[in-house]
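Just so you know, residue 1 is the first one in the sequence shown, and it goes up from there.
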Amino acid sequence: MRHLPYFCPGLVVQGFRRSSKQLGSPTANFPEQEVDNLPAYIYTGIYYSWASVGSGDVCKMVVSIGWNPYYRNMKKSMETHIMHTFKEHFYGEILNVAIVGYLRPEKNFDSLESFISAIQGDIEETKK
């Protein structure tokens, strides 16, 4: 994607509350208005990125942008999985994101297990 990197700061809001419990991959979510204002060249899909919470350390992350077909979301979302262990939630903090590369398109899965496996694969690919 020739328009990358794309820099996007946003306030962390509470999401669907399923990433940590069901998927084992906690996410920080952007407000709906921020997602609606993403430029047209940021297609739905899975990206590798860098992020920092507030003025904290910069960490690798995976970001999913789209409707998440497995859950049949009715609104587009931007869910970020930061590869760092945080001691507590950081709702209300500014998340600074630099989207640097595209991993794959968003797709549906026939089982929760295959969805989790794809997420783990995205994380492993981003670690490289």
Student: Does Asn108 have any side-chain contact (heavy atoms from CB on, under 4.5 Å) partners at least two apart in sequence or in another chain, and if so, which?
Tutor: Pro69, Tyr70
Student: Just jot down the side-chain contact (heavy atoms from CB on, under 4.5 Å) partners of Lys127, sequence neighbours excluded, or say none.
Tutor: Met83, Ile123, Glu124
Student: Could you tell me which residues satisfy salt bridge (Lys or Arg N to Asp or Glu O under 4.0 Å) with Glu106, sequence neighbours excluded, listed by chain and number?
Tutor: none
Student: State, to 0.1 Å, how close Ser49 and Val63 come at their nearest heavy-atom pair, and which atoms those are.
Tutor: OG-CG1, 3.4 Å
Student: Sort and list the pairs that fulfil salt bridge (charged side-chain N to carboxylate O under 4.0 Å, His left out) and have at least one residue in residues 90-105, not counting sequence neighbours.
Tutor: Arg104-Asp122
Student: Can you run down the salt bridge (charged side-chain N to carboxylate O under 4.0 Å, His left out) pairs that involve residues 45-56, sequence neighbours left out, and say none if there aren't any?
Tutor: none
Student: So which residues get pulled into Ile94's cluster when ILVMFWY side chains under 4.5 Å apart are joined, directly or through others?
Tutor: Leu11
Student: Sequence neighbours excluded, which residues qualify as ring pair (Phe, Tyr, Trp, His ring centres under 6.0 Å) partners of Phe86?
Tutor: His84, Phe90
Student: Kindly give the heavy-atom pair with the smallest separation between Asn96 and Pro9, and that separation in Å.
Tutor: OD1-CB, 3.6 Å
Student: According to the salt bridge (charged side-chain N to carboxylate O under 4.0 Å, His left out) rule, which pairs have a member within residues 66-75, sequence neighbours left out?
Tutor: Glu32-Lys75
Student: State which residues pass salt bridge (Lys or Arg N to Asp or Glu O under 4.0 Å) with Glu113; sequence neighbours excluded, sorted by chain then number.
Tutor: none
Student: For Pro105, what residues pass the side-chain contact (heavy atoms from CB on, under 4.5 Å) criterion, not counting sequence neighbours?
Tutor: Tyr102
Student: Would you please name every residue forming a side-chain contact (heavy atoms from CB on, under 4.5 Å) with Ile116, sequence neighbours left out?
Tutor: Leu23, Leu112, Gln120
Student: Could you list the residues that satisfy salt bridge (Lys or Arg N to Asp or Glu O under 4.0 Å) with Lys87, not counting sequence neighbours?
Tutor: none
